[in-house]
Amino acid sequence: MFSLRTTLTSATRRSAALAAKKPLQQPLALALRSLSTTAPTQTISSLHSLSEDEQMMKDAVSRFARETVQPLVSQMDEAEQMEPSIIKGLFEAGLMSVETPAKYGGSEASFTAAILVIEELAKVDPSVSVLCDVHNTLVNTVFRTYAGQHLKDKYLPMLSEDKLGCFCLSEATSGSDAFALQTRAVKDGDHYVLNGAKMWITNSAEADIFLVFATVDPSLGYKGITCFVVERDMGVQIAKKERKLGIRASSTCQLSFDDVRVPAANVLGEVGKGYKIAIEILNEGRIGIAAQMLGLAQGAFDCALPYLFQRKQFGSYIGDFQGMQHQYAQIAVDIEAARLLTYNAARLKEEGKPFAKEAAMAKLYASQVAERASSRAVEWLGGVGFTRDFPAEKFYRDCKIGAIYEGTSNIQLQTIAKFLSKEYKA
Amino acid sequence: MSSLRILVGVKRVVDSAVKVRVNSAQTGVETANVKHSMNPFDEIAVEEAIRLREKHGKDVVQEIIAVSCGPAKAQETLRTALAMGADRAIHVKTDDNLEPLSVAKLLSKIVGEEKPSLVILGKQAIDDDSNQTGQMLAGLLNWPQATFASKVDIKDGVLEAVREVDGGLETVSSSLPAVVTTDLRLNEPRYASLPNIMKAKKKPLKTVSPADLGVDIRSRLQTLKVTEPAKRQGGKMVASVDELLDKLRNEAKVL
């Protein structure tokens, strides 16, 4: 029988060796913790657990979504236009600055709180959800994490109060291959002059603040990419608003920059380090999209299920037919799995642990579940599901973008595969 | 106008959207794992206090105190009141079942300590629909009361309220201090914004017990049985007024 100290040392060495090879299995980790005399006892909660603040915020957003957003969803989709009153309402409810520190006018809440906001909004309207998601998880977070103090002090209050932001990375010839971007920034005294065009930019029709990724030197490859804070009245032009299959109320535009002069002080972070900002922020952004797709799936499910117990055919509620039972049970499982992937990725990020693989898994899976759930919802509603009088067809149209933006599903699979090969290669 | 303090009573009840079911013991409604929220009329009460402060300024409405009597979870309801704009909260903690008279007694003790000029309560709670606490409190304190208020204002230390009564609308005025109970059309409560929810964490919340206040909260009423209402029967078509009268008299026996 080894002495306790020897057992611990060998266990620690063994665990270190294992960790180098592959992630430590949870039960073994727990056992090692219980052997240790110094590790604090932990309460490990289910992923359904929310802090009191998070629960209160979730309830507040849910109410906002039902009372303020719901009545306008259909008309905004038909008109392909976000109602200004919705954007104003989002700002007033504090939903546009969830993680921003209180000194800048924000709620200073957790990342999971932001994820819950995005999910609750998406249950009612994925277009409103993505507007809130891009503003929070891409724009606000970039400022909070990478911007110098002068930019934080100037822009974070604006972004909390009433100025909408957007994230301008993609171009006509660079989507997945984001670092092949061609928008050029040339230094001219204490300004940079931007020339180029961006494509697929969410929020751009209503935004005042544009985070623009441009290269200061194409010969440097991705190491020339720099992030600039551009205000609309510096000369940003909306070239074309896209007419889309889904999330039609969310504006998606082509932008053109024609000798746009940006003060050198508006370089966000360091010159040539923009690529880093883009990669890292898109990891978190992925969890946001996962939350949007999750909310979409739940919203579609919730709009169809009650109908199954109102509609009778052949003397029974259609929800009581075994074929239907199997279908909606399966979708409920899929949604729960997507939820757990999403919440877990969010919690890993909050804990400061590596989360990029889990974020990619969450986004990939949630977008797939959103498609399955919304497709079934249309079928379960039968003929009425196919009409625009019922919400199901909109969820079905809205889901498709989930597999495409903020990293296509193929890119997510590649990301996950890269992590796995690192873990399993000798 | 001299400064005044407003006390608002809030109750944690089963959420209005929940489909309630009678529990298996037939002693009440199933409340375990069921969504709860602030009584809607109490939300209106909190909102009215905040609107009075917004209208007359912080110099006039010096402080808004939210009070709730109930189990530990009543604190969630108090936090919502703080997030809406109340300044501090008092939690009278008890797991016992509280009747309106007990609540009125507890509130009257708190009123004695906090000395508000105005107490605003919801007209009734949506779980028991008693519609008694406000009236009983006014009686215990010997204060004027304006119940079912659809409009409230304070002018030069005088309360003016419009009440919704069976015959229409009744405008009353009274001196302060007074008790007001809110009706549905008084206002539309605001959402707690996210920053305010976070700010509410820092606002003071004091916990006391009924014993601390020296109040006997034993029930005077015993609930014998709770059952669901009879299931709705299908209607019947009648061919003439005579047939209708005959059925009302002889079958339904309501004439």
Side-chain angles (χ1 to χ4, degrees), chain A residues 48 50-70 86 88-118 120-121 132 135-136 140 156-157 159-162 302 305-306 309, chain B residues 10 12-19 21 32-40 42-44 46-47 50-51 54 66 68 71-86 89 91 184 187-205 207 232 234:
Chain A
H48 287 192
L50 298 176
S51 74
E52 210 186 310
D53 294 332
E54 287 163 354
Q55 185 61 54
M56 281 179 78
M57 288 185 189
K58 185 178 146 141
D59 292 339
V61 182
S62 171
R63 197 168 150 181
F64 173 84
R66 270 182 290 121
E67 293 177 14
T68 307
V69 180
Q70 183 84 71
I86 297 285
K88 190 161 182 282
L90 288 168
F91 275 109
E92 277 169 9
L95 302 179
M96 300 296 262
S97 52
V98 181
E99 294 177 85
T100 305
K103 68 176 176 198
Y104 295 123
S107 303
E108 212 166 297
S110 67
F111 180 66
T112 301
I115 292 305
L116 292 169
V117 169
I118 297 163
E120 288 300 319
L121 288 172
C132 184
H135 187 92
N136 272 287
N140 280 350
L156 281 173
L159 291 164
S160 301
E161 173 112 18
D162 56 4
D302 291 343
L305 260 280
F309 301 102
Chain B
V10 297
R12 179 175 180 265
V13 298
V14 174
D15 187 85
S16 54
V18 170
K19 285 200 185 80
R21 291 196 211 289
N33 293 321
V34 154
K35 186 169 199 286
H36 284 66
S37 48
M38 190 189 293
N39 181 37
D42 300 347
E43 282 181 352
I44 296 174
V46 176
E47 175 67 22
I50 298 168
R51 285 193 191 192
E54 283 171 355
S68 191
K73 287 209 171 144
Q75 288 201 10
E76 292 167 10
T77 313
L78 285 169
R79 287 261 262 125
T80 307
L82 291 170
M84 283 172 74
H91 176 205
L184 193 64
N187 61 47
E188 233 189 84
R190 65 196 59 199
Y191 313 113
S193 71
L194 263 52
N196 285 345
I197 291 176
M198 297 302 279
K199 277 185 210 152
K201 265 206 292 225
K202 304 196 181 99
K203 294 185 183 175
L205 194 155
T207 307
R232 269 190 78 170

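Any value given below was found using the heavy atoms of this structure, including those in side chains, with hydrogens, waters and symmetry copies removed.
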Passes side-chain contact (heavy atoms from CB on, under 4.5 Å), Thr68(A) versus Tyr191(B)? Steps please. CA-CA 11 Å; Thr68(A) 307; Tyr191(B) 313 113; 2.6 Å; yes
Show your working on salt bridge (charged side-chain N to carboxylate O under 4.0 Å, His left out) between Arg63(A) and Glu43(B) and close with a plain yes or no. CA-CA 14 Å; Arg63(A) 197 168 150 181; Glu43(B) 282 181 352; 3.3 Å; yes
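To the nearest 0.5 Å, atom NZ of residue Lys58(A) and atom CD1 of residue Ile197(B) are 13.5 Å apart. Here the CD-CG distance, from Glu76(B) to Asp59(A), works out to 9.0 Å after rounding to the nearest 0.5 Å. Rounded to the nearest 0.5 Å, atoms CG (Leu194(B)) and CE (Met57(A)) are 4.5 Å apart. From Glu92(A), atom CD reaches atom CZ of Arg190(B) across 11.0 Å, with rounding to the nearest 0.5 Å. Residue Met56(A) holds its CE atom at 8.0 Å from CG of Leu82(B), rounded to the nearest 0.5 Å.
For a residue to count as touching a neighbouring chain, one of its non-hydrogen atoms must lie under 4.5 Å from one of that chain's; by this rule Thr80(B) touches chain A with backbone and side chain alike. At a 4.5 Å heavy-atom cutoff, Lys199(B) makes no contact with chain A through either its backbone or its side chain. Looking at Ala109(A), the atoms closer than 4.5 Å to chain B (heavy atoms on both sides) sit in the backbone and in the side chain alike. Only the side chain of Ala83(B) comes within contact range of chain A, with heavy atoms under 4.5 Å apart.
Under 4.0 Å is where a charged nitrogen must lie from a carboxylate oxygen, and between Lys73(B) and Glu52(A) no such pair does.
With chain A as partner, the option from Pro195(B), Ser193(B), Ser37(B) having the largest number of non-hydrogen pairs under 4.5 angstrom is Pro195(B).
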